[in-house]
Structures are given as structure tokens and as C-alpha cells.
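A short worksheet on the structure shown next.
Note that the coordinates shown come from a computational prediction; the quantities given were computed from them, not determined experimentally. Below, read A as the first sequence line, B as the second, and so on, with proteins coming before strands; counting in each chain starts at 1.
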Amino acid sequence: MKDQLPAIQIDDLTVAYDYKPVLWDIDLVVPEGVLMAIVGPNGAGKSTLIKSILGIIKPIAGSVKVFGKPYKKQVDKVAYVPQKGSVDWDFPTVALDVVMMGTYGSLGWIKRPGQKEKKASLEALEKVGMLEFKDRQISQLSGGQQQRIFLARALVQNASIYLMDEPFQGVDATTEKAIINILKELRKAGKTLIVVHHDLQTVPEYFDWVTFLNVKGIASGKVKDIFNDDNLTKTYGINYKVAVTQ
Amino acid sequence: MTSIQVEIQLIAALVAMACAIPGTFLVLRKMAMISDAISHSILPGIVLGFFITQDLNSPLLILLAALTGVITVVMVEFIQKTGLVKADTAIGLVFPALFSIGVILIAKNANDVHLDIDAVLLGELAFAPFDRLEVGGTDIGPKSLWVIGTILLISISLLILFFKELKLSTFDKGLAATLGFSPMILHYGLMTVSSVTIVGAFDAVGAVLVVALVIAPAATAYLLTNDLKKMLVLACLFGVFSAIAGYWMANLLDASIAGSMTTVLGILFFLVYLFAPQQGVFSVYFRERQQRKEVSLLVFLLHLQNHSDSKERHVNHLQDHINWQKVQARTVLDLAKRNNLIQISNQIASLTPKGEEFTQEALRYITTNKETAIEELKTKFFLFRG
């Protein structure tokens, strides 16, 4: 550990659309080097939490610190994998080009990506098993392949923190395994990963850290300590067992 | 060709190129109709600018009018953000209001303003060469050629400088924001360039037809390529082609040049829409027919695999058993035979080892029903093409 600062520290964060609070007084500390799931029912504010960390949504109260500083000063330390549906896949471009977009942040304005950026992007494509699709028009990729392209794009950002909004959505079992293996590798390399996750069954297998969220923060900590009936009930109500015991 | 003819075509071509560049991004951002709003609502800006400068080609007038265009965008977005009306309604509310202010201004000051409503709507390219630019007493060409040339040059320079940023923020606004490229700045930058271009083109092609020059070349190019750079180049080429072909069509028919240009663009789009190799109506139709054939083939092979008794596999009974028309049964049978998937002896069809293997594999894909597996199956199917 370079320093003792947590990867992300959130204090008293409140976000509201119009009058309706979506996140209510959230306090959250994410230590460096964890692979963390954010779980909670629909409308719990999981995506909103990620977007607030990135400053895409302005909170009405509270603060977010990335390694002790506001996000704006740490832009290059954070990579974001949005939901697949957030972009138009009919855009005229190919897989490799989308991955290269991840390098734009380190280039800054005007400067064009060159050989170095291309090489890094090809490596990222190889890591997610998509090298053979590098010249494929993006609308010709399946949902799982599109998700891997997004992951590759985040990899080339070479960040310390990865924020992912449902990377397993609409993805088959093979792709899910491939993605989780990459995430585990990243954690081994000391990265911090925060993943919005829906499938409660796989939480203990995939993640070592978990945050329960339902508008308010319910609990956050090591999976083996806090992933239990008590917290699940508080987050999901009494029906959660259907999801877990299946 | 007289020099006047050359000049008109040159102006028309530059106008078309200048419109096609921002047009490509507007089409990709699903904001094509904002160009309609801008082209109409700049009218009061042009009239007011004319009162001040008394010169339709003055840079000040162009900037004033372009500012009206940007204000239009701001107003549309403001109304939209209230959530009370949808985007298209907001556009429909703003631009007619501004346009009609311009119309009233012209009507009230008809004697002072060298503008009439016809020219506002349709433009008049034919007169463009008569307004000359002189430097130190020497004639250096039509004013509007210089105006639109300058605008095009600025537009191309900005495009080259900020291509990466424009591409990123058009494809993924969220990522652009998190990487520190303000989508807001890029959005209003694009809106400013669009407004300036439309003002520059206004004189030549008018408020209504300029929309076609912005949207049609980009929309046509979009059907032909999967590469943003190629799309930009193609859009410019289509624009230039429409300018030259439109000019000669107007010459032949003794009609409006702008009208003819737009007609050429319309025809061009329609032809590409029908015949584009990947996304054209015809190729989509043939591809879908091919796919239906492939699915039928699979059904047929599965049927052969499922049934061992010869009655079920008799060539003539195919129609009864899987309820197919004669033609369809014949096509599928031929396809299977041609690809060496079945053999027929004594009118009884049976799978070859290759057919057996393929059917097994297809069956496995179907039962696991995985998204990527289906992709692979499709690739396998392509083997049967042709």
C-alpha cells in the first residue's frame, strides 16, 4: 500500500431527482484493492451512486473523495464501464476504435492516438478475448461481446479504480466467467473494483467486499462478515431467500 | 462553360461540403431537425444584422445571425428540460416564433431590406456571382464564394483538430465527461459551427433547402459505411455531386438551382436506400430470404435425424410431413444436396457424415441457447452461402 487513504470515501451523500431522494445520506468507505459488489433492489440508487462518484450527477449534499481528493483532480485514476444500453451501437466505428477511446483521457485535447495507444488497445482486446473481432463493426457484435469491448476500453485507461454498472447484464455464462476472471486479475494487481451487481447467488463466489444499498446505505464490509440473512432482509425485504437459496 | 457558370457551381459545391460536415455529426447525434430550427430562426438575426451592416455578406451579420442560431438551441433545450414538452415539440415551438419575427421585420422594412421572402425560403444561387469582392480595385471573385470558402476552411480545421473529441462525445457522452472532455463545450461548439455554416449557406440555398444539404448527404453516407471518416468524406462527395448535377439539371429545366440540388440529393438517397450493399432494402430482403432458407435447411436436417423409418424420409413425403410448399421443399433439398449434407438413394434421403456432424453441432447450440453460440452458429451457416 502506497498510502493509507481509502480508494473512495463518501460522506453524507444525498442525491435527489426533483423531490424524490434516490440516495439518502450515504456514508461509504471503499478500501484500496477490494473487489466490491453493490447490491440492492431496483431503484435502490446503485447506478446513481456510481454516477455521483464520477461527478456525472450532482449531489444536493455530501462529498466524494477519490484517494483523498475530489474526483475532478483524479480523473485519470478512475475508469468507468457504463451500462451497454447507454450508447448507440449503430455508430459508424469498429471494436478497436471504441477500445482506443479509453486512451483519449491520457492524451488530452487535440493530440491523436498513435502506435502506443493502438498497441495498448490491441492488448486489452486480447485480454478480454476479442482480438479476432477488432475490425468488426460494433453493431455486428453480440451483447456479451459489446460488454467485453467496454471492459477492454476501461482496461486501456490503466486506472486504479474501476466502476462498472452491471457488466454481467445480458451476458452468457462463458462471458460472465471471462469477465469475472479479468476482474479478479485486476484486484490481484492492486486495483479497486466497484461493480453494480444483480445476481445475489454469485456474490460470495465473485466478490470479497459488498455494499448493501437501498436508498440508504444498509451495510458495507467483507463478504464473509456481512453477507448474511440479516442484511439481505434489511435490503430486500423478506422475499430475498428465493433469490439466494435457488 | 462561362466563368459565371463555373463560379456558381463552385459556390454550390463549397456550400454543400460546408453543410455536410456538421450534418454528419447532427445525424449521428439524432439532432437532424435542430438544423431545421437553426435555418429558420436565424432570419431575425440576418435582418437585424442587415440593418446594422447594410451588407448581406458582412462577417458581423454572419456572427449575429449565427448567435440567433445558438440562442435557438439554448431555448429549445431550456423548454425541453422543464419536462413539460418533448424535444420535437420544443423545436416546433421555438423556430416558427423566431422565423415569423424575421418575416415581420422584413415586411415592415420592405423598402430598406434587400431581401424578399422567396429568396429567404429558397435562396438564389444564380445571382451570387454578381456581388463581387474587390480588393484595391481588383476583382477577386464573388463575395459569397469567399464567405462560404472561409467558413468551410474554419470548419475543416476544427474538424481535424477536434475529430477525436467530437467522435467520442457523439458516441459516448458519459465517457467523454469522465475523461475530461466537456460534452457541453463540444455540443455548443458543434452548434456554433452549424449555425455559422447555415447562415453562410442561407444566401445561396435558403432556409428550407439548407436542411436537405445538412441532412441528406450524411444520411446517405450513413447507409454506405461503418467508418466515421469515410462517412464524412462520402457526405462531402455526395454534396459536391449534388451541387454540380443540380446546377446542370436546373440549367436544363430552367428551374431553381437550389431546388434541383435538393432533388438530386433526394434521388441519390433513394437509390442508395434501395441498393446499398449492406443495409439497402434489396440486400436486406435477399439476406432475410437466405436466412429463412437456412433455417428451413436446419429443420429439414433435424427431421432426417429424428426419423429413421424410410416413410418419413421419402423425398415426396417431405411436403406432407413438414408442411412445406413444393418449391420450398425442392430448394431446401437442393441446398442440402449441394452442400453434401444428405444423400438420396431410391428417393429416400439420409444424412451424410458431414450432415450428421453439422446437425449435432447445431442441436447442441440450440439446446444450450447461448447468445455467443448463436453467433458462432450463424458464422457456420455462412458456409452455406452461394
Side-chain angles (χ1 to χ4, degrees), chain A residues 18 51 53-56 71-72 75-76 78-83 86-94 97-98 100-113 129 133 135-145 147-148 150 153-154 157 159 163 165 170-175 178, chain B residues 24-25 27-30 82-83 157-183 185-186 189 218-219 221-235 278-279 365 368-379:
Chain A
D18 299 325
K51 285 178 183 157
I53 295 172
L54 292 162
I56 298 175
Y71 170 74
K72 283 255 178 279
V75 174
D76 54 335
V78 183
Y80 170 45
V81 182
Q83 287 190 11
S86 65
V87 302
D88 177 8
W89 292 93
D90 282 329
F91 191 83
T93 193
V94 294
D97 197 40
V98 172
M100 296 243 283
M101 287 178 187
T103 66
Y104 289 4
S106 59
L107 288 168
W109 288 83
I110 295 176
K111 211 170 156 237
R112 299 285 189 88
F133 297 98
D135 296 320
R136 183 76 71 91
Q137 155 68 20
I138 53 172
S139 63
Q140 305 291 317
L141 298 168
S142 72
Q145 292 171 333
Q147 194 65 61
R148 291 199 217 187
F150 263 2
R153 190 177 72 173
Q157 289 185 43
L163 300 172
D165 203 344
V171 152
D172 64 55
T174 330
T175 306
Chain B
T24 300
F25 288 100
V27 166
L28 289 176
R29 286 166 176 248
K30 302 176 180 62
T82 61
S157 315
L158 289 172
L159 175 69
I160 290 173
L161 279 177
F162 298 110
F163 179 74
K164 168 184 105 218
E165 289 78 2
L166 276 167
K167 181 170 72 178
L168 175 62
S169 71
T170 303
F171 174 62
D172 192 341
K173 217 159 76 172
L175 183 70
T178 59
L179 291 181
F181 304 105
S182 161
I185 292 175
L186 289 159
Y222 196 17
L223 296 177
L224 287 171
T225 178
N226 290 327
D227 179 333
L228 180 56
K229 279 182 194 159
K230 282 187 195 140
M231 184 175 165
L232 281 158
V233 172
L234 276 177
Q278 288 296 317
Q279 304 177 52
Y365 286 141
T368 50
N369 197 24
K370 297 285 187 244
E371 206 173 349
T372 46
I374 284 169
E375 285 296 318
E376 281 169 41
L377 182 63
K378 274 188 189 162
T379 331

A:Q157 and B:L179: which non-hydrogen atoms are nearest, and at how many Å?
-> OE1-CD2, 3.7 Å
Under 4.5 Å from any heavy atom of chain A, what part of [X] do you find: side chain, backbone, both or neither?
{"X": "B:L228", "answer": "both"}
{"X": "B:S182", "answer": "backbone"}
{"X": "B:L224", "answer": "neither"}
{"X": "B:T178", "answer": "both"}
{"X": "B:F181", "answer": "both"}

Less than 4.5 Å apart, side chain to side chain, heavy atoms only: is that true for [X] and [Y]?
{"X": "B:D172", "Y": "A:M101", "answer": "no"}
{"X": "B:Y222", "Y": "A:D90", "answer": "yes"}
{"X": "A:D88", "Y": "B:F171", "answer": "no"}
{"X": "A:P92", "Y": "B:T225", "answer": "no"}

Answer yes or no: are there more than 12 heavy-atom neighbours, outside B:Q279 itself, under 6.0 Å from its atom CD?
-> yes
Could you grab the distance from atom [atom1] of [X] to atom [atom2] of [Y], nearest 0.5 Å is fine?
{"X": "B:L28", "Y": "A:F91", "atom1": "CG", "atom2": "CZ", "answer": "5.5 Å"}
{"X": "B:D227", "Y": "A:Q137", "atom1": "CG", "atom2": "CD", "answer": "9.5 Å"}
{"X": "B:I160", "Y": "A:R112", "atom1": "CD1", "atom2": "CZ", "answer": "7.5 Å"}

Under the side chain to side chain contact (heavy atoms under 4.5 Å, CB included) test, residues paired with A:S106 that sit two or more places apart | none
Under 3.5 Å, is there a donor-acceptor pair between the side chain of B:K167 and the main chain of A:T93?
-> no
B:K164 (side chain) donor-acceptor with A:K111 (main chain) under 3.5 angstrom = yes
Between A:G102, A:G108, A:A79, A:P82, the one whose heavy-atom pairs under 4.5 Å with chain B are most numerous = A:G108
Which of the residues A:D97, A:V94, A:D76 is involved in the greatest number of heavy-atom pairs with chain B at under 4.5 angstrom?
-> A:D97
Is chain B contacted by the side chain of A:V98, its backbone, both, or neither, given a heavy-atom distance below 4.5 Å?
-> side chain
Tell me, for A:I56 versus chain B, whether the close heavy atoms (under 4.5 Å) come from the side chain, the backbone, both or neither.
-> side chain
